[in-house]
Structures are given as C-alpha cells and as structure tokens.
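Only one structure is covered here, and it is reproduced in the block below.
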Amino acid sequence: MTSSFPASTVLGYPRIGPDRELKRALESYWDGHSTWQDLERTGAALREQAWRRLHALGLGALPSNTFSYYDHVLDTAVMLGAVPARYQAVTEQDAYFAMARGTDATPPLRMTKWFDTNYHYIVPEIGPDVRFQLAPGKILGEIRQARALGLETRPVLVGPVTFLLLAEAAADAPPGFAPLDRLDEAVEVYASLLGVLAAEGVGWVQLDEPALVADRTEAELAAVRSAYGRLGSLTERPALFVASYFGPLGEALPVLAATPVEAVGVDLVRGGTRGLEALAGKTVVAGVVSGRDVWRTDRERALATLLAVREHAAQVVVGTSCSLLHVPYDVEREEDLDPALRRRLAFAEQKAAEVVELAGLLAATPAARTPYTTDGPVAADPATADPCMPPASARSPYEVRAAAQAAHLRLPILPVTTIGSFPQTGELRRARAAVAAGELDEAAYESLVRAEIERVVALQERLGLDVLVHGEPERNDMVQYFAEHLDGFAVTRHGWVQSYGSRCTRPPILYGDVRRREPITVRWTRYAQSLTSRPVKGMLTGPVTIVAWSFARDDLPLRDVVVQVADAVRDEVRDLEAAGVSVIQVDEPALRELMPLRRRDQDAYLRWAVDAYRRATSGAGDRTQLHTHLCYSDADEILAAIDALDADVTSIESARSGGRILGEPAVRRFGRGLGAGVYDIHSPRVPGAEEVEESLRAAARALPAGRVWVNPDCGLKTRTYDQVEAALANVVRAARHLREELGAG
C-alpha cells in the first residue's frame, strides 16, 4: 500500500471519442454490421488515445475504468454480479446491452439522470436474492492495457454506498426492503476487488461517492462509516481515494474523515473549504477546476483556495471538481467560434492542462503566513440563486380553458399524440451537414424538410393519431435549434457530450443576453397544419431546459438567465397562436434535473422555475391548449411543482419505469390532462397492443378517463421508422379498443 499521490489528476475523462467514434461503433454493433471484437478495438483505441493525451499534458495520475460501452453505473452492477436473472440467459455482452436497451422479449432496466446533470444512468435492480460475486475483468483489462503502453493508472468505480443508494428494489422484494440492506455483502465484493488490485500492483483506487453531498440520514451515514471502516481495515489493498462531487460533503465530511481512507476528493467549485480541517492528516484531492462548465478557471482564486486547503491537509492534489465526462474534448477544434469567446473557454483537454498548471503553481508557492479561507461556497450552486422574478400575466382557470379547448378541438376520449420528434433519417442528417459545409443550398435542403413533414403528417393520419406533430426534421437538437436562432448563444461544431449510451448532444454556450430576433418555429408548424384538418402541435423547449442543457454564463444568477429565455419563448408562443396553432407544447424535461441536491434549497428553486415556465406560457389564450413534457427524470419526486406549471396537458415518462408514477397519490389529485408514457422509445423493442392497453388501464384507474392522454415516453428521434410505425399502430389500436369499452368509441 502506498500513500504518495501524484500532484495532479482528473476524476474522469470523456469516453465517446472526439468524433463520436464510440457512438458509431456501438450502433454498428447493435445493427449487426460489426462484431464484438470490432467494438472492443474501438474501445481500446479510444482509451489509449485518452491516456496518451493526458500523459502528454503532464497529468500526474491517470484514471482507468472511466471508459464504458454504455454507462459506468451499469458497469459497476456487472462488476458486482448484480445482473437480474431475466438477463442471464444470453452472452455476457448481450446481457449488458439487454439491461441498457432491452430485447424483443424483455424490457430494459430503468434509466434516470445522474444527480443534477443531463447524463443518464441505468438504475441497478437489487433484491434479497441477488448473489453478489466479483467480476473484475473489465477493470483488470484496462489496467493491463495501460501498462502495456508504459502507463500506470488508478481504477475508478462507483463506491458501494452510492451504488446501493442509486439502486432500486427488485419488484419481488418484500415490503420495507432497501438495496442498502445488502451493504455488508456488497462491501465484501469490493474487499475482494481490492485484494485482486493489490495483487496486480495497483497503488491507488478511486471510489466515487457523490451521493454523500446530498442529505443523508443517520443510518446512511452509519453505512458510510461501516463500509469504509471495513475496506480501510484490509491489510492487502491499494490506498483508497474516496471522491465526492456536485456539492459540499456537509455532515458526511467528518464521518468520512474518521475512516481509514487515505484520500478524500472535495468539490471546491460547488463547495467551500469550511470543515476541511477534519481532513488533517489525509491527502485532499482539491477539485478547483470545474468539470461541469466550459469557462476557464480563475487561476488566482483557485490557487488561493488550494493554499487554504494546504493549511490542513497532509498533501494537496490538484484535481477537477468532478469527472470531465460532462464537457466536450477540445476547444481548439472550434475554429468557427468567435476568437474572443474561444479564449474564455476550456474543454476537457484545456481543463486537464489547467490542473497541471495549478499543481505547478501550488508547488512553487511557499506557505502563506495568513491562510486564505472561504467560509462559503467558492461558487454557489447555480440553481439556488434567488433574484426577483418579473411578474407574468395569469391565464384563466383551468375549467374555463378546458371548456374552450373542448369546444374548439373536439378531441375524442383518450386522445393519442406523440411527444414531438420523428426519426431523423440518414438523408436528413447528411443534408444538414452538407448545408453547414456549403455543399448544399438552402432551397434544396428546405425541399427535403418539406417532403419529410408531408411524410410524417400522412403517416400520423393513416395510423389514426388525434393530435399530430410535424416531426421536427429541421431540428438537430431540441435545445441547439433554439440556440441557433437566439442572440446570446454560440454553438459548436465538435462539442459533443454523452447523454446516455450512444446518444450525444452539443450543448450550446450561453454567453450573453438572450433575445429572439424573429419567429423560430412558426413557418414549419404552419406548413404542417396546412396539410391536415387535425390539430398539429407547435413544439417548443422550455426556458429551464434550454438553460440547463446549455453551458450557461457564470456572470449572472441562473434565474436571471432563465427569465431572459422565458421571454423569448413567450414571444414564440404568441406568434404560434397568432398563426392559428391551437395546441402548443413547451417541454421542461430538465425541471427535476436542475433541482438542488440539498432539500433546504429545493423549494426556492422550484418556485422560480415554475414561475419561469408560467411566464413563458402566459401569453396563450383560453382555447389554445398548452402541453408540457418531462422524461427520464424522476418526475414523481416533483409532482406538486409539475402540477403548478398549470399546463393543460402534461406527458411524463412511465413505460420505462414500469408505471411506478401512477402509484403516486399526487397523480390522483392531478387536476388536468396527463399522459403517462406507454412506449419506451429508448429501447428498440416494440410494445404489443395488449401491453399498451394494460398501461392505459392503469392510467384510467389513477385518473378520470377523460383526462388520460396516450403518448410515448419521449420523442421518436432515436428510433427507426419501422419501429415507430409498428409501435404507434399498437398504441392507436389499444386506445381505440379501450374507448369502445368505455362506450366512447
């Protein structure tokens, strides 16, 4: 066992590839166009590329096991042997992807957001009968691959307490069972892994425990004490580095400090130095370079913070606040950005270089006679800022609106709709890239968009949907598209960030005041409406989500930034209504995601976030039906806030999570239209009509049938037309059958 930690490190690194090489390799494998060996070669090349680059930048300690073919939480479940029995009848790699994506016969595990980020993780499923057993092959394989390159690495994995707190109880678990009840057995697998790593000659191992920065009960803190007391007591093990991030450790800090772990990682971007004297005698990995944004680090402030930490710690290691998984690879590739803006930016490569530079500055700086201290956070959680929200005009009461909308729209009971997007064909993606490269003129591109809208509208009419969408063929992404049409935003060409699996986004950079220059969505929505007598939804992204899924400016409180975007969305709502659009959907899937991790800050955030949504939708008249949508975000935890949005119809993910949201008492009190998703669009499987009907019956038991809407969990962009057509046909068939049964067919 060693206690010497190199002077600089990062907690993790992007893994999708600078040009999304892993995305293409995964999708080729899933489509049967390549082999598992082909996929492994791509993974090995990406790992080697990352390690070599970090080593070349001078980073002292290189992480391994941060690469994943889908998700690092799923990787940890496999390492522990926590694979539900229904996935075990296939090969190892097929079981892995079955848990992530499902099969024709078996739905996937639930998926939700990784704390307050836009990264999605696969939720482990733990019951009393799960047999934990160590499967260290992936971890050892990466260690040995790096050694073959002449590089030593520090394996990284999710710690036992966070893993079990993020897991959910299996469906057959007895009442009162919680995954944390299996802590002792899980810890023994971690103990076995540490023995294997020690025999392998590994000096340090990183165990990520971000769950410790949220509110924790005494029992959960006791679990921390027990787990790390046991692991720290092992005589044959690497040195233990427990990493926390996304906020201050709070009450967990003295608990962790009292265990035998050698190093503790603290987020000094979202947390301050208060209480760090408890870590005296330990190595502190000081996260002063943000892994959550793209702004360059204030070097003087970061150095002052490091000096304050050095007053207490046995050793200070300069690091990132969290993994760099949440930022793009390299800002130097963004040649189209304004040079003045680009000089303000740092992506993963630049942030690794900042860590190395700060480590050098710290080593060269003598101990200060008067320590610098920070009593509060170095940078406050952006969601907790609380300036005044400008007032918004109130809409009429729901009963008044509902009567006006019923008379105007004349929809059947159990109306069927989709969330917005339809599959993005290869032809459309190639055409969009050709326009950006100057190889295709705008008129030719618009002709393709027009033809795709005609196809989508005709398909929906043929299938029998009741409220249609235009399919969004002109949009690359639900946030980026709006950013491209609003002042104050910049978009990147190569700034890809993994959202889940092979899905990547390019978060816009919100750097200035936001203004809408002209209508953004009216033209194509109006065209779609001209093709049909059925209502076509205008599709907008809400203000909280636009800001949450961008890299937002750090010189204004986040709430002020959201207000600016809300005003732009409000103008768009008014213009859609003036153009004759009778149904308008304003999506807020990030409403839950942006919520602070500490309960004390959550109510204030939800108040201003709800106010921002109501401000954005306040211009709509009574007979304009307003929809909102939330997906894959534990919406059941904020149903009161969702209700307060006062949308006429809300669609929520439900199919992927097995309809658990319908069991919430708050759903039964929901006073307006609600569509609990009946089709999991993040899986290639097509649900049968009977499966959909069962979901609809569950919704009709929880709500009056007159308020039940029928829709997928989310947009259909990531699916193929064959999958979508088959699934929607089953959805319509199920809705019609239930209508007939209710005597409303």
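All heavy atoms count here, side chains included; hydrogens, waters and symmetry mates do not. Note that this is a predicted model, so its numbers are computed, not measured.
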Please evaluate residues Arg739 and Asp466 with respect to the criterion salt bridge (Lys or Arg N to Asp or Glu O under 4.0 Å), reporting the C-alpha separation (whole Å), side-chain torsions for both, the decisive distance (0.1 Å), and the verdict. CA-CA 13 Å; Arg739 278 180 204 156; Asp466 302 297; 2.7 Å; yes
Evaluate Tyr119 against Asp71 for side-chain hydrogen bond (donor to acceptor under 3.5 Å, both in side chains), listing each step before the verdict. CA-CA 9 Å; Tyr119 176 80; Asp71 166 51; 2.7 Å; yes
Salt bridge Asp648-Arg395, side-chain N to carboxylate O under 4.0 Å: yes
Looking at Gly471, is its backbone amide N or carbonyl O close enough to the side chain of Lys717 to form a donor-acceptor pair, meaning the two atoms are under 3.5 Å apart? no
Closest non-hydrogen atoms of Ile681 and Arg719, given as atom of the first, atom of the second and distance, are O-NH1, 2.7 Å
Test side-chain contact (heavy atoms from CB on, under 4.5 Å) on His408 and Gln625 and set out the steps. CA-CA 10 Å; His408 177 56; Gln625 189 175 75; over 6 Å; no
Do the ring planes of Tyr500 and His682 sit parallel (below 30°), tilted (30 to 60°) or perpendicular (above 60°)? tilted
Salt-bridge criterion met for Arg110 and Glu653 (N-O under 4.0 Å): no
Would the Phe422 and His470 ring centres measure less than 6.0 Å apart? no
Determine, for Glu452 against Arg455, whether the closest basic-nitrogen to carboxylate-oxygen distance falls under 4.0 angstrom. yes
In this structure, are over 12 heavy atoms from other groups packed under 6.0 Å from Arg623 atom CZ? no
What verdict does the salt bridge (Lys or Arg N to Asp or Glu O under 4.0 Å) test give for Glu474 and Arg523, after you've listed the backbone C-alpha separation in whole Å, the side-chain angles of each residue and the deciding distance to 0.1 Å? CA-CA 11 Å; Glu474 80 286 6; Arg523 177 188 176 195; over 6 Å; no
Determine whether a donor-acceptor pair (N or O, by modelled atom type, separation under 3.5 Å) exists between the side chain of Ser683 and the backbone of Asp680. no
Between the side chains of Arg450 and Glu454, is the shortest nitrogen-to-carboxylate-oxygen separation below 4.0 Å, so that they form an ion pair? no
NZ/NE/NH1/NH2 to OD/OE distance under 4.0 Å, Arg736 and Glu740: no
So how far is it from Asp116 CG to Glu593 CD, rounded to the nearest 0.5 Å? 7.5 Å
Would you confirm whether Gln723, through its side chain, and Thr720, through its main-chain N or O, come within 3.5 Å as a donor-acceptor pair? yes
Over all atoms of both residues, closest heavy-atom pair of Ala82 and Ile126: CB-CD1, 3.7 Å
Over all heavy atoms of both residues, which pair between Pro473 and Leu428 is shortest? Give the atoms and the distance, please. CB-CD1, 3.6 Å
Please report the interatomic distance OG1(Thr521) to CZ(Phe482), rounded to the nearest 0.5 Å. 5.5 Å
How far apart are the C-alpha atoms of His737 and Glu693, what are their side-chain angles, what is the distance that settles it, and do they pass the side-chain hydrogen bond (donor to acceptor under 3.5 Å, both in side chains) test? CA-CA 8 Å; His737 184 263; Glu693 188 171 332; 2.9 Å; yes
Can Arg672 be said to sit on top of Phe670's aromatic six-ring, NZ or CZ under 6.0 Å from centre and within 45° of the ring axis? yes
Using a 3.5 Å distance criterion without hydrogens, assess whether the side chain of Gln585 forms a donor-acceptor pair with backbone atoms of Met539. no
Could you walk me through whether Glu125 and Arg86 pass the salt bridge (Lys or Arg N to Asp or Glu O under 4.0 Å) check? CA-CA 12 Å; Glu125 183 181 294; Arg86 62 187 181 276; 2.8 Å; yes
For the side chain of Ser651 and the backbone of Gly675, is there at least one donor-acceptor N/O pair under 3.5 Å apart? no
Using modelled atom types and a 3.5 Å cut-off, is there a donor and acceptor pairing between side-chain atoms of Asn730 and backbone atoms of Pro687? yes
Answer yes or no: is there a donor N or O on one side and an acceptor on the other, between the side chain of Ser421 and the main chain of Leu716, under 3.5 Å? yes
Are more than 12 heavy atoms from other residues, nucleotides or ligands located less than 6.0 Å from atom CG of Asp104? no
How are the rings of His485 and Tyr481 set relative to one another: parallel (under 30°), tilted (30 to 60°) or perpendicular (over 60°)? tilted
Report yes if the side chains of Val678 and Trp709 come closer than 4.5 Å at any heavy-atom pair, otherwise no. no
Starting at OG1 of Thr112, measure out to CZ of Arg656 and round the result to the nearest 0.5 Å. 10.5 Å
Glu588 (side chain) donor-acceptor with Leu630 (main chain) under 3.5 angstrom: no
Go through the steps for Ile661 and Val667 under the test side-chain contact (heavy atoms from CB on, under 4.5 Å), then give the verdict. CA-CA 7 Å; Ile661 197 167; Val667 166; 4.2 Å; yes
Candidate pair His627 and Thr650, rule side-chain hydrogen bond (donor to acceptor under 3.5 Å, both in side chains), full reasoning: CA-CA 6 Å; His627 290 225; Thr650 299; over 6 Å; no
Rounded to the nearest 0.5 angstrom, the CZ-CG distance for Arg614 and Asp646 is 4.5 Å
Report the distance from atom CG of Leu662 to atom CG of Asp636, rounding to the nearest 0.5 Å. 10.5 Å
Begin with the C-alpha distance, continue with both residues' side-chain angles, and end with the deciding distance and a verdict on side-chain contact (heavy atoms from CB on, under 4.5 Å) for Val649 and Leu626. CA-CA 6 Å; Val649 179; Leu626 286 176; over 6 Å; no
Among Lys23, Arg101, Glu27, the one residue meeting side-chain hydrogen bond (donor to acceptor under 3.5 Å, both in side chains) with Ser502: Glu27
If only side-chain N and O atoms count, and only distance matters, is there a donor-acceptor pair under 3.5 Å linking Thr505 with Asp477? no
Verify, without hydrogens or angle tests, whether Arg733 (side chain) and Glu690 (backbone) share a donor-acceptor contact under 3.5 angstrom. no
Between Pro124 and Val73, is any pair of side-chain heavy atoms under 4.5 Å apart? yes
Would you mind checking if Asp215 and Arg599 are paired as a salt bridge, meaning a charged N to carboxylate O distance below 4.0 Å? yes
Does a sphere of radius 6.0 Å around CD in Glu637 hold more than 12 heavy atoms from other residues, nucleotides or ligands, not counting ones at 6.0 Å or beyond? yes
For Ala705 against Ile413, the heavy-atom pair lying closest together: O-CG1, 3.6 Å
Heavy atoms of Leu597 and Ala214 approach each other most closely as O-CB, 3.9 Å
Is there a side-chain contact (heavy atoms from CB on, under 4.5 Å) between Val586 and Thr541? Walk through the geometry before answering. CA-CA 5 Å; Val586 184; Thr541 304; over 6 Å; no
Is the number of heavy atoms from other residues, nucleotides or ligands within 6.0 Å of CD (Glu461) greater than 12? yes
Once the angle between the rings of Tyr70 and Trp30 is folded into 0 to 90°, is it parallel (under 30°), tilted (30 to 60°) or perpendicular (over 60°)? tilted
Run the side-chain hydrogen bond (donor to acceptor under 3.5 Å, both in side chains) check on Gln424 and Arg432 step by step: do they pass? CA-CA 11 Å; Gln424 289 266 321; Arg432 192 176 294 122; 3.1 Å; yes
Output the distance between atom CG (Leu540) and atom CZ (Arg570), rounded to the nearest 0.5 Å. 14.0 Å
Residue pair Glu572 / Val522: nearest heavy atoms and the distance that separates them: OE2-N, 3.7 Å
